[in-house]
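Only one structure is covered here, and it is reproduced in the block below.
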There are 2 protein chains.
Amino acid sequence: MSVLRQRAAVSSSEVSFHSPAAFSAPDWLDSVIVGDCVAALERLPKASVDLIFADPPYNLQLGGDLTRPDQSKVDAVNDDWDRFDSFEAYDAFTRAWLLACRRVLKPTGTIWVIGSYHNIFRVGSIMQDLGFWVLNDIIWRKANPMPNFKGKRFTNAHETLIWASRDREAKGITFNYEAMKAFNDDLQMRSDWLLPICTGGERLKTAGGDKVHPTQKPEALLWRVLMSSSKPGDVVLDPFLGTGTSAAVAKRLGRHYVGVERDGTYADFARERIASVERAPDDGLAVVTPRRAEPRVPFGSLIEAGLIQPGDRLCDARRRHVATVRADGSIAAGAVAGSIHKVGASVQGLEACNGWAYWHVEKQGALVLIDELRGRIRSELAAAGA
Amino acid sequence: MSVLRQRAAVSSSEVSFHSPAAFSAPDWLDSVIVGDCVAALERLPKASVDLIFADPPYNLQLGGDLTRPDQSKVDAVNDDWDRFDSFEAYDAFTRAWLLACRRVLKPTGTIWVIGSYHNIFRVGSIMQDLGFWVLNDIIWRKANPMPNFKGKRFTNAHETLIWASRDREAKGITFNYEAMKAFNDDLQMRSDWLLPICTGGERLKTAGGDKVHPTQKPEALLWRVLMSSSKPGDVVLDPFLGTGTSAAVAKRLGRHYVGVERDGTYADFARERIASVERAPDDGLAVVTPRRAEPRVPFGSLIEAGLIQPGDRLCDARRRHVATVRADGSIAAGAVAGSIHKVGASVQGLEACNGWAYWHVEKQGALVLIDELRGRIRSELAAAGA
DNA sequence: ATATCTTATGAATCCCATG
DNA sequence: GCATGGGATTCATAAGATA
């Protein structure tokens, strides 16, 4: 359960589309609008929004089913809203909603868009073409991503956010540099953020126990977005609200929200969720501490760093067993090859072995434990603030 | 025996452009070509390259000078080669060199392109438009990035690499999954890589002590790129060679290289650097072999070898299901009979099952996985075959 | 009650040799 | 070309079940 989540009985107003008239401020502010975002945004006043967070469909283009090694089926995102006929169709869709966003965004406002490699390049290009000016791209490093079950690619362990101003010449942009630095143990906040995916109590479930939305984002991610680039009282727009993560965090942080969601069921869940959120007290906003990455140093890094060369020999403390280092970070002893742990276990006839505490390398006549070499890399990385 | 192709008796000589004739293999292989990459690549044979690494100009669009808090001036990238009049000009340039790369890339080959938020969205979109199929995007997390001196943005602490195949339907792509996993202490390699930037002794300096190239990449980055997606003997092309990081690492790892560089000074530094590199010994270049590459041993061979007798009982690890071994190498459980895989799937009610990892046989009171028995046959085969 | 084991699952562009 | 089938493949986290 998120530290930030609290319960309260606050109602949020609903808005429906019976009239084509433009909304007056009280109508659309702090509301969830059901409908297509381009149509909905046309009814908002021009230059009325301080911050936009958009989580559009990714256009995943998945093939057949995917099963885990235990043969269980992966619950893929194959909803209608994520299907596009071509890149051209996706581009047209993207251009339309970005243009609508651009109209309602204040000249001092900024926009965040999240995506994956399936769509983020197209989104970024179109943003640049429309005149948005990229301020940063941010990497959400997932602490617990889904693995690559078939072993055919690198684990897709991140998503990308683009943060941009309306124009290249934009002035007066909100960036709470000091707050983010304080949040980050007095180090500048970097462009890579390590955060867990949305699971557990934070994940909205139906009465049947199924997830309500296939791509619910973690509140911690929105917390950083809103804390860094908006002020209390600002208006935060989400054109693809889903189950309302951005609006819930906006309300908690004392920002106004406007959410547009095409799916009425998602919107209902979002309204209920937002209603249960209470604005945090002014002095209570700094409760979340950033999750720091402990620098895990794989054995291969020792080779990359030149501390060990391919072809070098490793041995145990008594020189009873010897192994050859290979360029890919594996080692080989006789017919056995694999990680320092696997080969260490094998030569000793054991089930398991901590290779770091077993293998040594000869340096100027003396044996040096490879864990000692790892320590050197660790201290360099720690000094760099990683 | 080394899988390495014997290196032809060709010096890594210079190639010049006095004739429009196509190069013959010995001319361009393991060479640095001075010239525009589009023109140079047109002279290479079609489908002749296994891997491309491209570090194109980023189109940084910098404004005025940047100074640190102590008023020292930051040595920015403002070379002519990084200046483009517009996004359109940059796109045209990008399309041209990507098309030229596509022609020389083998159908089984893959391409890596590195960039930052200034250019990577345009590069990625154009790659998709040209038919390249994105396999992963990789984040190079810089352990020691330059801080944001003005405190106006997040520290730009990463760069993005796109890894793509030539076509969506590409087969036979090289991805040394097991090697990367061994490298990473037996965990799948993720899409975010933490590596220091290129500094210290690795950074090429002029006699005057200035850095030779403003964007020299660390060898560790190229190490991962080449180790993961190429084999010894492969041909690695770099259309923007700069000071030759990719070629130097390729040579060290027993890959052939071709580098194209427009600037003669950079090319000279690259040649000198490549010449000083030594190829790693053969036994250091071997990688962990995937199980698919091991000789196929049918289940019946275990019966032929006497490791299992017809009539023996197989069971799973918890002894929940039992099957009887038959003389023809099939097994039977109740009314179901067939291969170890089919019957394993059937008794569990699953679509598929790897029978080798499911069935055990009782040996002196203990359960032994039949995959372990297969391993014994494989080592005997290896001993006999070698 | 506590510790341990088992199961479930997450924005996924996820096999390949043989006939 | 396509169909077939052997058999290869996972990490972090949370929640529930068992000891």
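So that the names make sense, note that chain A is the first sequence line, chain B the second, and so on, each numbered from 1.
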Contacts under 3.5 Å, N or O only, protein and nucleotides 2-6 of chain D:
from	atom 1	to	atom 2	distance (Å)
D:dG6	OP2	B:Ser339	OG	3.3
D:dG6	O3'	B:Arg296	NH1	2.8

Inset, instruction - Any pair with a residue in residues 331-356 of chain B that passes side chain to side chain donor-acceptor pair (under 3.5 Å), sequence neighbours left out, goes on the list, sorted by first then second residue, please. - result: none

Inset, instruction - Would you please classify the geometry between the A:Phe121 ring and the B:Phe121 ring as parallel, tilted or perpendicular, with 30° and 60° separating the classes? - result: tilted

Legend entry - For A:His213, side chain to side chain donor-acceptor pair (under 3.5 Å) partners two or more places apart: A:Thr215

Legend entry - Selected nucleotide, minimal atom distance to A:Pro69 side chain, candidates C:dA11, D:dT10, C:dT13: D:dT10

Legend entry - Proximal nucleotide (of C:dT13, D:dG7, D:dT9) relative to the B:Ala352 side chain: D:dG7

Legend entry - Residues forming a side chain to side chain donor-acceptor pair (under 3.5 Å) with A:Thr243, sequence neighbours excluded: none

Legend entry - Spacing of the P atoms in D:dG7 and C:dC14 (rounded, Å): 23 Å

Legend entry - Rounded interatomic separation in angstrom, taking CG from B:Leu135 and P from C:dC15: 12 Å

What protein N or O atoms touch nucleotides 6-10 of chain C N or O atoms at under 3.5 angstrom, if any, and at what distances?
from	atom 1	to	atom 2	distance (Å)
C:dT6	OP1	B:Arg318	NH2	2.7
C:dG10	OP2	A:Lys211	NZ	2.7
C:dG10	O5'	A:Lys211	NZ	3.1
C:dG10	N7	A:Arg68	NH2	2.6
C:dG10	O6	A:Arg68	NE	3.1
C:dG10	N2	A:Pro145	O	3.1

Inset, instruction - Using the P atom on both, measure C:dC16 against D:dT10 and round to a whole Å. - result: 14 Å

Inset, instruction - Report yes if the distance between the aromatic ring centroids of B:Trp359 and B:Phe299 is under 6.0 Å, otherwise no. - result: no

Inset, instruction - Quote, to the nearest angstrom, the C1' distance that separates C:dA1 from D:dA17. - result: 15 Å

Inset, instruction - From the options D:dC11, D:dT9, C:dA11, select the nucleotide whose nearest atom is closest to the side chain of A:Tyr58. - result: C:dA11

Legend entry - Near-strand residues of residues 114-125 of chain A, defined as heavy-atom separation under 4.0 angstrom from DNA chain C: A:Tyr117, A:His118

Inset, instruction - Enumerate, in order of first residue number, the stems that involve DNA chain D, defined as 3 or more consecutive Watson-Crick or G-U wobble pairs with both distances under 3.5 Å. - result: C:2-10 with D:11-19, C:15-19 with D:2-6

Legend entry - Donor-acceptor pair (no angle test) under 3.5 Å: B:Arg291 side chain, D:dT9 base: no

Inset, instruction - For the residue pair A:Phe154 and B:Trp193, categorise the inter-ring angle as parallel (less than 30°), tilted (30 to 60°) or perpendicular (more than 60°). - result: perpendicular

Inset, instruction - Mind running a 4.0 Å heavy-atom check of residues 171-181 of chain B against DNA chain D and sending the residues that fall below it, in number order? - result: B:Tyr177, B:Glu178, B:Lys181

Legend entry - Given A:Arg203, A:Arg273, A:Arg224, the one that forms salt bridge (charged side-chain N to carboxylate O under 4.0 Å, His left out) with A:Glu219: A:Arg273

Legend entry - Residues that B:Asp192 engages under side chain to side chain donor-acceptor pair (under 3.5 Å), provided they are two or more places apart: A:Arg141, B:Arg190

Inset, instruction - Considering just the side-chain nitrogens and oxygens of A:Asn148, establish if one lies under 4.0 Å of OP1 or OP2 belonging to D:dT9. - result: no

Inset, instruction - With sequence neighbours excluded, tell me which residues meet side chain to side chain contact (heavy atoms under 4.5 Å, CB included) with B:Thr160. - result: A:Asp137, B:Ile120, B:Asp137, B:Ile139, B:His158

Inset, instruction - Determine the interatomic distance between C1' on C:dT13 and the same-named atom on D:dT13; round to the nearest Å. - result: 25 Å

Legend entry - Residues that A:Pro147 engages under side chain to side chain contact (heavy atoms under 4.5 Å, CB included), provided they are two or more places apart: A:Phe149, B:Gln188

Inset, instruction - Could you check how far NZ of A:Lys142 sits from P of D:dA12, rounded to whole Å? - result: 15 Å

Inset, instruction - Would you please name every residue forming a side chain to side chain contact (heavy atoms under 4.5 Å, CB included) with B:Thr108, sequence neighbours left out? - result: B:Lys106

